[in-house]
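Okay, structure first, notes after.
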Amino acid sequence: MSRELSSQHILPHALPVPAVKKLAGKRIVLASNSPRRRDILRTIGLAPDIIPSTFEEDLSPASFVDIHEYPVSTASHKAVEVYERLVAEDPDNAPDLVIAADTVVLTHAQPSTSQTDYTLLPSIGQELLEKPKDKADNLRMLMDLNGQVCEVVTGVTVAYPILTAPGYGLHSIDERSLVYFADNPKHILQAYVDSGEGLDRAGGFAIQGMGGILVRKVEGDYRNVVGFPMASFFKLLDALVEEEEDFLEM
């Protein structure tokens with residue numbers, strides 16, 4: 001890595017593109033304790049401070065006209081909570097970039113080849129799945145997903161300082177991937193539930209772990225299903241550098 005990119009938050013293998021160059025010497029924070037998100041960011045050469053958000057994640061999905069806005073809104077609340085807390089705690093060491101994300105699973109998604117709108121299919125109800133409450137709930141989720149197609153949606157928000165009120169800017173994206181579950185016998189689903197791996201994962205499965213045996217294919221960004229859309233996030237940073245004159249200039 002060149003000297004100009006040297007930074008505790010920029011790893012040696014990071015690509016020396018404008019967005020990464022702007023981040024050199026800046027304080028980057030990930031508002032999550034997810035090791036999957038941390039590792040995905042490290043893949044592109046970012047090593048943020050890990051400061052989980054204390055936001056309660058108590059938004060009502062029913063309050064959103066478009067359910068895809070739900071994880072984006074949750075991610076935004078997480079980013080703002082961490083940004084404001086760190087500024088209040090130590091204004092001289094305020095973050096330059098806070099990254100927050102939220103991933104949900106929507107059941108009964110249409111295959112990508114389908115042209116039928118859900119408004120024409122009133123008998124098909126989509127359920128939003130977050131983390132299961134317990135093993136019984138985990139099994140219920142997997143039984144519903146089994147042999148079906150679900151949609152994994154991750155909302156990502158970045159917060160960064162600006163001069164105008166409220167003192168920070170926000171930009172968000174959402175990424176959507178389709179996951180096709182195999183038609184698994186119940187004893188396999190039960191064995192997976194008993195392993196406990198899915199208890200801390202949206203939808204009750206970890207595709208990068210043993211949960212991968214339940215899935216036959218993915219359409220879209222695989223890393224989005226893991227928990228963070230690496231490619232789209234990198235493009236977001238690139239666009240902010242290109243379009244926002246004051247981005248990371250403070």
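The residues of the chain are indexed from 1 along the displayed sequence. Because the structure is a prediction, the values reported are computed rather than measured.
- With Asp144 as the partner, the side-chain contact (heavy atoms from CB on, under 4.5 Å) test is satisfied by one option alone out of Thr107, Leu129, Leu139: Thr107.
- Looking only at distances, a side-chain donor or acceptor of Ser195 sits under 3.5 Å from a matching main-chain atom of Tyr192.
- Ring geometry for Tyr160 against Phe247 counts as perpendicular: the plane angle is over 60°, on a 0 to 90° scale with 30° as the lower cut.
- Every residue was checked against the salt bridge (Lys or Arg N to Asp or Glu O under 4.0 Å) condition with Glu130, not counting sequence neighbours, and none meets it.
- A donor-acceptor contact shorter than 3.5 Å is absent between the side chain of His68 and the backbone of Gly155.
- The cluster map of Ile, Leu, Val, Met, Phe, Trp and Tyr, joined by side-chain heavy atoms under 4.5 Å apart, puts Ile207 and Leu214 in the same cluster.
- In the hydrophobic cluster analysis, where Ile, Leu, Val, Met, Phe, Trp and Tyr join through side-chain heavy atoms closer than 4.5 angstrom, Ile44 is grouped together with Val225.
- Side chain of Asn146 to backbone of Asn184: a donor-acceptor contact under 3.5 angstrom is found.
- Considering every non-hydrogen atom in both Ala31 and Ala100, the closest pair reads CB-CB, 4.1 Å.
- A pairwise comparison of heavy atoms in Gly204 and Leu142 identifies O-CD2, 3.9 Å as the closest pair.
- A donor-acceptor contact shorter than 3.5 Å is absent between the side chain of Asp96 and the backbone of Leu248.
- In this structure, the side chains of Leu46 and Ile10 come closer than 4.5 Å at one or more pairs of heavy atoms.
- In the displayed structure, Lys131 atom NZ is contacted under 6.0 Å by at most 12 heavy atoms of other residues, nucleotides or ligands.
- Contacts of Glu84 classified as side chain to side chain contact (heavy atoms under 4.5 Å, CB included), with partners at least two apart in sequence or in another chain: Val80, Tyr168.
- Under the 4.5 Å side-chain heavy-atom criterion for grouping Ile, Leu, Val, Met, Phe, Trp and Tyr, Leu170 is not connected to Ile99 through any hydrophobic cluster.
- Residues meeting the side chain to side chain contact (heavy atoms under 4.5 Å, CB included) test with Pro161, sequence neighbours left out: Tyr83, Met250.
- Under the 4.5 Å side-chain heavy-atom criterion for Ile, Leu, Val, Met, Phe, Trp and Tyr, Leu30 and Val98 are members of distinct hydrophobic clusters.
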> Should His9 and Leu23 be marked as a side chain to side chain contact (heavy atoms under 4.5 Å, CB included) after you check the CA-CA gap, both sets of side-chain angles, and the distance that decides it?
Replying inline: CA-CA 8 Å; His9 296 300; Leu23 286 169; over 6 Å; no
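- Counting heavy atoms of neighbouring residues, nucleotides and ligands inside a 6.0 Å radius, atom CD of Glu89 exceeds 12 of them.
- With sequence neighbours left out, the side chain to side chain donor-acceptor pair (under 3.5 Å) criterion links Ser73 to no other residue.
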Only distances under 3.5 Å count here; give the side-chain donor-acceptor pairs of residues 232-246 to other protein atoms, sequence neighbours excluded, each with its distance to 0.1 Å.
unit_1, atom_1, unit_2, atom_2, d
Ser232, OG, Glu175, OE1, 2.6

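- Side-chain atoms of Glu219 and Tyr180 form a donor-acceptor pair, as typed in the model, at a separation below 3.5 Å.
- Across every non-hydrogen atom of Val29 and Pro95, the tightest pair is CG2-CB, 3.9 Å.
- Between Asp174 and Pro71, the closest side-chain pair of non-hydrogen atoms is not below 4.5 Å.
- Going from atom CG of Asn224 over to atom CE of Met230 covers 11.5 Å, rounded to the nearest 0.5 Å.
- Judged as a ring-ring contact (aromatic ring centres under 6.0 Å, His included), not a single pair has a partner in residues 22-41 (not counting sequence neighbours).
- Applying the side chain to side chain contact (heavy atoms under 4.5 Å, CB included) criterion to Asp134, with sequence neighbours excluded, gives Ala136, Asp137.
- Hydrophobic cluster membership for Val72: none, as no Ile, Leu, Val, Met, Phe, Trp or Tyr side chain comes under 4.5 Å of it.
- Inter-residue side-chain proximity for Glu57 and Lys78 is flagged as met; some heavy-atom pair is nearer than 4.5 Å.
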> Which is it for Gln208 and Arg201 under the side chain to side chain contact (heavy atoms under 4.5 Å, CB included) test, yes or no, and what are the steps along the way?
Replying inline: CA-CA 11 Å; Gln208 76 279 15; Arg201 317 298 167 97; 3.2 Å; yes
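- Grouping the Ile, Leu, Val, Met, Phe, Trp and Tyr side chains by contacts below 4.5 angstrom, directly or via other members, places Phe205 with Val218.
- Side chain of Asp49 to backbone of Arg27: no donor-acceptor contact under 3.5 angstrom is found.
- For Asp221, there are no salt bridge (Lys or Arg N to Asp or Glu O under 4.0 Å) partners, not counting sequence neighbours.
- Side-chain contacts under 4.5 Å among hydrophobic residues (ILVMFWY), followed directly or transitively, place Tyr70 together with Phe55, Leu59, Phe64, Ile67, Val104, Leu106, Leu128, Val153.
- Legend: residues meeting side chain to side chain contact (heavy atoms under 4.5 Å, CB included) with Asp92, ordered by chain and number and at least two apart, are Asp90.
- Among all heavy-atom pairs drawn from Gly203 and Leu145, the shortest one is O-CD1, 3.7 Å.
- Here the closest heavy-atom approach between residue Gly227 and residue Thr154 is recorded as O-CG2, 3.8 Å.
- For residues 30-42, the pairs satisfying side-chain hydrogen bond (donor to acceptor under 3.5 Å, both in side chains) are Arg37-Thr103, with sequence neighbours left out.
- Between Met143 and Leu189, the closest side-chain pair of non-hydrogen atoms falls below 4.5 Å.
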